[in-house]
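Comments concern the structure below.
These numbers come from the heavy atoms of this one structure, side chains and all, not from hydrogens, waters or symmetry mates. Chain naming here is simple, since letters A, B, ... match the order of the sequence lines and numbering starts at 1 in each.
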Number of protein chains: 2
Amino acid sequence: MEEHRHVTIYDIAERLNLATSTISRALKDHHTISEQTIKKVKQTAKEMGFVPNTLAAGLRGNQSKTIGILIPTITQPFLSSLISGIEITARKSEYSVIIMQSHDSYEMEVDLAKSLYSNRVSGVICSLAMETKDTSHFRQFSNNNIPLVFVDRVPRDYDTFRVVINNYLAGYKATKHLIEQGCKRIAHLTAGSEFGTLYNERKRGYTDALLEHDLPVENDLIISLKEMTYEEGVKASNHLFDLKLPPDGLFAPGDILAVSAVQTAKKRGIKVPDQFAVIGFNNDPISEIIEPNISTITHPAEKMGKAAAELIFKNLKSVKEEEAKEITFLNTQVLVRESSKKI
Amino acid sequence: MEEHRHVTIYDIAERLNLATSTISRALKDHHTISEQTIKKVKQTAKEMGFVPNTLAAGLRGNQSKTIGILIPTITQPFLSSLISGIEITARKSEYSVIIMQSHDSYEMEVDLAKSLYSNRVSGVICSLAMETKDTSHFRQFSNNNIPLVFVDRVPRDYDTFRVVINNYLAGYKATKHLIEQGCKRIAHLTAGSEFGTLYNERKRGYTDALLEHDLPVENDLIISLKEMTYEEGVKASNHLFDLKLPPDGLFAPGDILAVSAVQTAKKRGIKVPDQFAVIGFNNDPISEIIEPNISTITHPAEKMGKAAAELIFKNLKSVKEEEAKEITFLNTQVLVRESSKKI
DNA sequence: ACAACATTTGCAATCGGTTGTGTAAAAATA
DNA sequence: TATTTTTACACAACCGATTGCAAATGTTGT
């Protein structure tokens, strides 16, 4: 396997007896270069198999035409769809995406943020680690005019772009839906440790919906989970069913939890939705395949990714103070399916 | 928001009255630099908030400490787990991953390969697009000593690293399992258009298992799908059930397809597994949540990602001819669950 | 005290595009 | 024809880390 050398603009320049600056400009249709030269340069570039070295360009221009994505994990359906949305949008502008997983660890997140900075990414899109309480490791981006967008799991105290759904409203709508189906004792699962606003907002929507319909907010119907996993969901469901006065409905802030509750109910002979109506969150693929289908709240992952990427591009030049605090809210819908349809 | 300048080794050099070369070497514990200087340099680097510019290092060293991943889409559970495995392994060596989605389009794949090359990735891990028949766009990597590893959907005619499972054996084992459960007429779904070997191998395992057990291979029990989606699965299942002599078992080369078949059967009042036993492939999360649980073949996504990444690292220096043809086979297992357990 | 060698650090070129400024030739104007 | 303006390209510095080689300093032996 012989060692080829990369073809550079110097090679093209030499072949055509032009300066490298001319080649560089010709390749990007600079107006000071004649049509004729441009055509000639592009032609030979193609012939010689020239592929620009983005590292060189990036070094000179001090940014790399890549977007850094920093998220807890890519294996969650919501997050992989989010990434997909970002990647597709980025590619349209010929940007690449670098992906890093914090695995919900604060320390990892700090480390990875540094690595992204080291890679001189043009922008950063982040969904915070569960553990993260302090966000000062993101200052290096803001301080250097690198656009920073938080998505979904956003900090409450950072003055930068945020792309979220209205979690309060979503929680409200989900709960209201259950109430309208006739539920009187609606349970809710929430995150135990959370610095951000996501689960708290959903919970706030839940309680407000209850109060608004003259239903009491009962603390033993609200369970804090350590992790949002199937297993934890089963545990919590069993706990709920073991109560003296078990719930007749559940608003789960994730479809996996909803599935776990539905299946636990079925195992215990509790009829879904008649005795126990459930609504989940996210519209994960599983929610419409499981039987009964899980009612859920849409969570437009790809759209959020697209919106986040577009915010990056809009602010590549410089970030104005007022814009930086902008919050983009995307819409959610209640998808009524079998798991909650009593009426 | 004031504009800070990035801290460089020049800044450190100036502060300490040392040469940049010394700084550079000190930061990576070069043996020609004294302990004392190293400590001093690292200390001030930290104080000044120095973050190395990987673009500069990459330009000089002609590679970027990143691994390029080129796959059809990241939203499939198998592929997102694969990426996760790669990312975790890469990070241990302080490498980043760049991800690109071909969306199963050949043209995209060609384009993205060029973009990866342009980014001077240190290595490439690829799972081919469904459409891809010609793989010459990967020559640019081989020709320039950039390690290239194909995973799962690998070309049949390219002399480079491949990380796969033994699809033939997996197909054989899956089919044999159904036979052992007493199935006599086992259907099979396969990919219509495929350049690679993946589905063909599974099918070959399927037919060999049948033949070995003196069961006929019937062409109307083998259905070619355009896409491996739920909807296509439903269509195919209905078609199978409409046969004069419908099957009593199915080997589906993907869990989504298995799920679609199971649910279609249930809708038509066909008892699973008694009248119709099903085994899927991949061990996607859904397979163990759906009811009945889907028997499946494990497909060790993360492990494959890890293996692929390790192959990259092992061959960063140079790729020897003999090694390049190496195929890594990972093991699969039959996971027997409800959907196929007759006995 | 001086050669011989080891240890540490500095110098300067290098990677490959990008871009501000300079300049020659061609075109336009006086 | 002389002069200004425009067009088209060249020169060279630059981005920031790396590295071969030279040089300075320190150490050892005789």
Check your understanding: Tell me: CD1 of B:I12 to P of C:dT9, nearest whole Å?
Key -> 15 Å

Review point. B:H6 has an atom NE2; how far is it from atom C1' of D:dG16, in whole Å?
Key: 11 Å

Review point. Base, sugar-phosphate, or nothing for A:N17, non-hydrogen atoms under 4.0 angstrom?
Key: sugar-phosphate

Point to revise | Of the listed nucleotides D:dG16, D:dC14, C:dA12, the one nearest the side chain of A:R60 | key: D:dC14

Exercise for review: Look at all strands and tell whether B:I23 reaches a base, only sugar-phosphate, or nothing, counting heavy atoms closer than 4.0 Å.
Suggested key: nothing

Practice item. Give a yes/no on whether any side-chain N or O of B:T22 is located under 4.0 angstrom from OP1 or OP2 of C:dG10. Key: yes

Point to revise | OP1 or OP2 of C:dG17 under 4.0 Å from side-chain N/O of A:K28 | key: no

Revision key, fill the gap. Testing C:dG20, C:dG17, D:dA17 for proximity to the side chain of A:Y10, the answer is C:dG17

Review point. Under a 4.0 Å N-O cut-off, is there an ion pair linking A:R162 with A:D157?
Key: no

Review point. What is the distance, rounded to the nearest whole Å, between atom NE2 of B:H30 and atom P of C:dG10?
Key: 14 Å

**Study point:** Whole angstrom value for the distance that separates P of C:dG16 from CD of A:E14
**Key:** 13 Å

Check your understanding: Taking only N and O in the side chain of A:T37, is any of them less than 4.0 Å away from OP1 or OP2 of D:dA8?
Key -> no

Review point. Within the structure shown, what part of the strands sits under 4.0 Å from A:L18 by heavy-atom distance: base, sugar-phosphate, or nothing?
Key: sugar-phosphate

Practice item. Please report, rounded to the nearest Å, how far the P atom of C:dA13 is from the CG atom of B:L59. Key: 17 Å

Review point. Starting at the 5' end of DNA chain D, which residue's closest nucleotide do you reach first, B:V51 or B:R25?
Key: B:V51

Review point. Distance only, no hydrogens: is a donor on one side chain within 3.5 Å (strictly under) of an acceptor on the other, for B:H6 and A:N62?
Key: yes

Practice item. Nearest whole angstrom, please: distance from the P of D:dG20 to the CD1 of B:I33. Key: 14 Å

Review point. Which part of the nucleic acid, if any, lies within contact of B:T54, taking any heavy atom under 4.0 Å across all strands shown: a base, the sugar-phosphate backbone alone, or nothing?
Key: nothing

Review point. Would you say the side chain of B:R120 and the base of C:dG17 hold a donor-acceptor pair, judged only by whether the two atoms sit under 3.5 Å apart?
Key: no

Revision key, fill the gap. When B:E35 and B:G61 are each assigned the nearest nucleotide of DNA chain C, the 5'-most assignment goes to B:E35

Practice item. Figure out the CG/C1' separation between B:L27 and D:dA17, and round it to whole Å. Key: 10 Å

Study note, to complete from the structure: Between B:V164 and B:M304, the two heavy atoms sitting closest are CA-CE, 3.6 Å

Study note, to complete from the structure: Quick note, A:S34 side chain, CB onward, closest among C:dC15, C:dT18, D:dA8 is D:dA8

Check your understanding: For A:T32 and A:H30, does a side-chain donor sit closer than 3.5 Å to a side-chain acceptor?
Key -> yes

Check your understanding: For C:dG17, does either OP1 or OP2 sit under 4.0 Å from a side-chain N or O belonging to A:T20?
Key -> no

**Study point:** Under-3.5 Å donor-acceptor pair between B:S21 side chain and C:dC11 base
**Key:** yes

**Study point:** Pairing of A:E302 and A:K306 as salt bridge, 4.0 angstrom limit
**Key:** no

Exercise for review: Consider only side-chain N and O atoms of B:T89 and B:E310, and report whether a donor and an acceptor are under 3.5 Å apart.
Suggested key: no

Practice item. Identify, between B:A19 and A:L55, the residue whose nearest nucleotide on DNA chain C lies closer to the 5' end. Key: B:A19

Revision key, fill the gap. Checking C:dG20, C:dT18, D:dA17 against the side chain of A:I9 (C-beta onward), the nearest is C:dT18

Review point. Rounded to whole angstrom units, what separation is found between the CG atom of A:N53 and the C1' atom of D:dG16?
Key: 14 Å

Review point. Which one, C:dG17, D:dA17, C:dT21, comes nearest to the side chain of B:T8?
Key: D:dA17

